Number of protein chains: 2
Amino acid sequence: MVNKTAVRILVEKGLKVTPQRIAVLDILLNLENHPAADTITEYLRLNYPHVPIGTVYKILDVFLEKGIVNKVQTENGIIRFDPVTEKHHHLYSLDSERIEDFYDPQLNKILEDYFSKNQIQNFKIEDIKVHLKGRFTDNLKSIK
Amino acid sequence: MVNKTAVRILVEKGLKVTPQRIAVLDILLNLENHPAADTITEYLRLNYPHVPIGTVYKILDVFLEKGIVNKVQTENGIIRFDPVTEKHHHLYSLDSERIEDFYDPQLNKILEDYFSKNQIQNFKIEDIKVHLKGRFTDNLKSIK
DNA sequence: ATTGCTGCAAACTCTTTGCAAGTTC
DNA sequence: GAACTTGCAAAGAGTTTGCAGCAAT
């Protein structure tokens, strides 16, 4: 059963609609994990047992170029991916590699106001991201 | 001429004071570049022409353990290092790999107040970092 | 003298690349 | 059929590891 949202996005971006691309985008849209390339590959192999990881990287490169995904900043040298949605921030676990989305329009407003009143010398801001580092207190297993 | 601050920090942390460690710490304290391991190695080789990069990684590992440096988050899979100083944020260039420090106690206060009033479910914040992405408007060359 | 660091080299992990065969439009 | 994507394999970049010899305490 094909993910219609994924297909629509691919068409809108003028990309050829291949089963692999649909599957990767479907994974990104549903996983909410900010997966790394090898996590995506793992999931992809449930349906396409022999996809080479190189193919996944190529798909992700195209998605990056077209603005379908963004990279998530990490400090361990492993690149992770986030489907582009509305503006949000990230919660980083100090205990694991877990990274969760954090939506907060009120905070966005406060920051925009603050920085429009307090310009930074020699720097023109285009995007503000708040990284909250701490500990999750629910019981979810750490997920990569 | 030895950097006395560097030596003091090493002694305080109970580390053996070796010329290589002094030099790496000196570079970190003076460079303000948030250098990657290979940038550090480049500078180090001005004085120690044959240091292997493996030694630099080992020194940085120890510095991380002892809290002398932190890792800087990046999105290209290259780990960069920041000597631990007072709380600050980072300006990320969208045109280059340049990353600059940004100190702003007033902003810190606003954020602390905001998040003590607005707790996040299932998450205990331990550190708040603002990442400002944009363009530098001075004439400095892009530096890694 | 003991403990721990450096230097060297090999190995490992993540990511990129080249090219032939196959797919999409 | 033209243009592009996939699959495979090899290569590249950054980082980690093991161990012998050496330096700091």
Side-chain angles (χ1 to χ4, degrees), chain A residues 2 6-27 34-42 44-45 47-66 68-81 97 144, chain B residues 2 6-27 34-42 44-45 47-66 68-81 97 144:
Chain A
V2 167
V7 174
R8 180 178 47 72
I9 292 173
L10 293 172
V11 172
E12 277 173 10
K13 298 288 181 177
L15 293 174
K16 288 192 176 165
V17 178
T18 68
Q20 293 87 336
R21 282 178 177 169
I22 297 169
V24 169
L25 188 43
D26 185 35
I27 288 166
H34 310 90
D38 78 334
T39 309
I40 293 170
T41 307
E42 249 174 59
L44 197 51
R45 289 199 175 138
N47 295 310
Y48 300 85
H50 303 294
V51 234
I53 195 165
T55 296
V56 176
Y57 277 105
K58 282 174 186 166
I59 290 172
L60 290 167
D61 276 353
V62 174
F63 286 5
L64 283 166
E65 266 171 39
K66 295 289 181 181
I68 296 172
V69 297
N70 278 330
K71 293 182 179 180
V72 177
Q73 290 183 327
T74 59
E75 53 186 41
N76 64 0
I78 294 172
I79 299 170
R80 293 173 63 172
F81 299 87
E97 299 304 317
K144 196 176 31 174
Chain B
V2 167
V7 173
R8 180 178 48 72
I9 292 171
L10 294 172
V11 171
E12 278 173 10
K13 297 288 181 178
L15 293 174
K16 286 193 178 169
V17 178
T18 69
Q20 293 87 336
R21 283 178 176 171
I22 297 169
V24 169
L25 189 43
D26 186 35
I27 289 165
H34 310 90
D38 79 334
T39 308
I40 294 170
T41 306
E42 251 175 57
L44 197 51
R45 287 197 176 139
N47 295 310
Y48 299 85
H50 303 294
V51 233
I53 196 166
T55 296
V56 175
Y57 278 105
K58 282 173 186 167
I59 289 172
L60 289 167
D61 276 353
V62 174
F63 286 5
L64 284 164
E65 266 172 39
K66 295 289 180 179
I68 296 172
V69 297
N70 278 330
K71 293 182 178 181
V72 176
Q73 288 183 327
T74 59
E75 54 185 41
N76 65 0
I78 294 172
I79 299 170
R80 292 172 64 171
F81 299 87
E97 299 305 316
K144 197 175 29 172

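So you know, we letter chains A, B, ... as the sequences are listed, proteins then strands, and number each from 1. Note that the structure is a prediction, hence the values are computed from the model and not measured.
- At whole-Å resolution of the value, CD in B:Glu42 and C1' in D:dG14 are 15 Å apart.
- Remark: C1' of C:dG22 and OH of A:Tyr48 are 15 Å apart, rounded to the nearest angstrom.
- A:Glu42 is linked by a salt bridge (Lys or Arg N to Asp or Glu O under 4.0 Å) to nothing, counting only residues two or more places apart in sequence or in another chain.
- In this structure, A:His34 and A:Thr74 have side chains that are not in contact, with every pair of non-hydrogen atoms separated by 4.5 Å or more.
- Residue pairs satisfying the salt bridge (charged side-chain N to carboxylate O under 4.0 Å, His left out) criterion with at least one member in residues 48-64 of chain B, sequence neighbours excluded, are absent.
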Strictly under 3.5 Å: I want the nitrogen or oxygen pairs between protein and nucleotides 20-25 of chain D, one per line.
| unit_1 | atom_1 | unit_2 | atom_2 | d |
| --- | --- | --- | --- | --- |
| D:dT25 | OP1 | B:Val17 | N | 3.1 |

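- Contact check of residues 49-63 of chain B against DNA chain C (heavy atom, cut-off under 4.0 Å) returns B:His50, B:Val51, B:Pro52, B:Thr55, B:Lys58, B:Ile59.
- The side-chain hydrogen bond (donor to acceptor under 3.5 Å, both in side chains) search around B:Arg45 returns none, not counting sequence neighbours.
- Contact between the side-chain N/O atoms of A:Gln20 and the OP1/OP2 oxygens of D:dG7 is found at a separation under 4.0 Å.
- Taking the side chain as every heavy atom from C-beta outward, B:Leu60 and B:Ile40 approach each other to under 4.5 Å.
- Side-chain atoms of A:Thr41 and A:Tyr48, non-hydrogen and from C-beta on, never get closer than 4.5 Å to each other.
- A donor-acceptor pair is defined here as one N or O able to donate and one able to accept, closer than 3.5 Å; no such pair exists between the side chain of A:Arg80 and the backbone of A:Val72.
- As rounded to whole Å, 10 Å separates atom P of C:dG7 from atom CZ of B:Arg45.
- In this structure, CG of B:Asp38 is placed 8 Å from P of D:dT15, rounded to the nearest angstrom.
- For A:Glu75 and D:dT15, the CD to P distance is 13 Å, given to the nearest whole Å.
- Sorted by first and then second residue, the side chain to side chain donor-acceptor pair (under 3.5 Å) pairs involving residues 7-16 of chain B (not counting sequence neighbours) are B:Arg8-B:Glu12.
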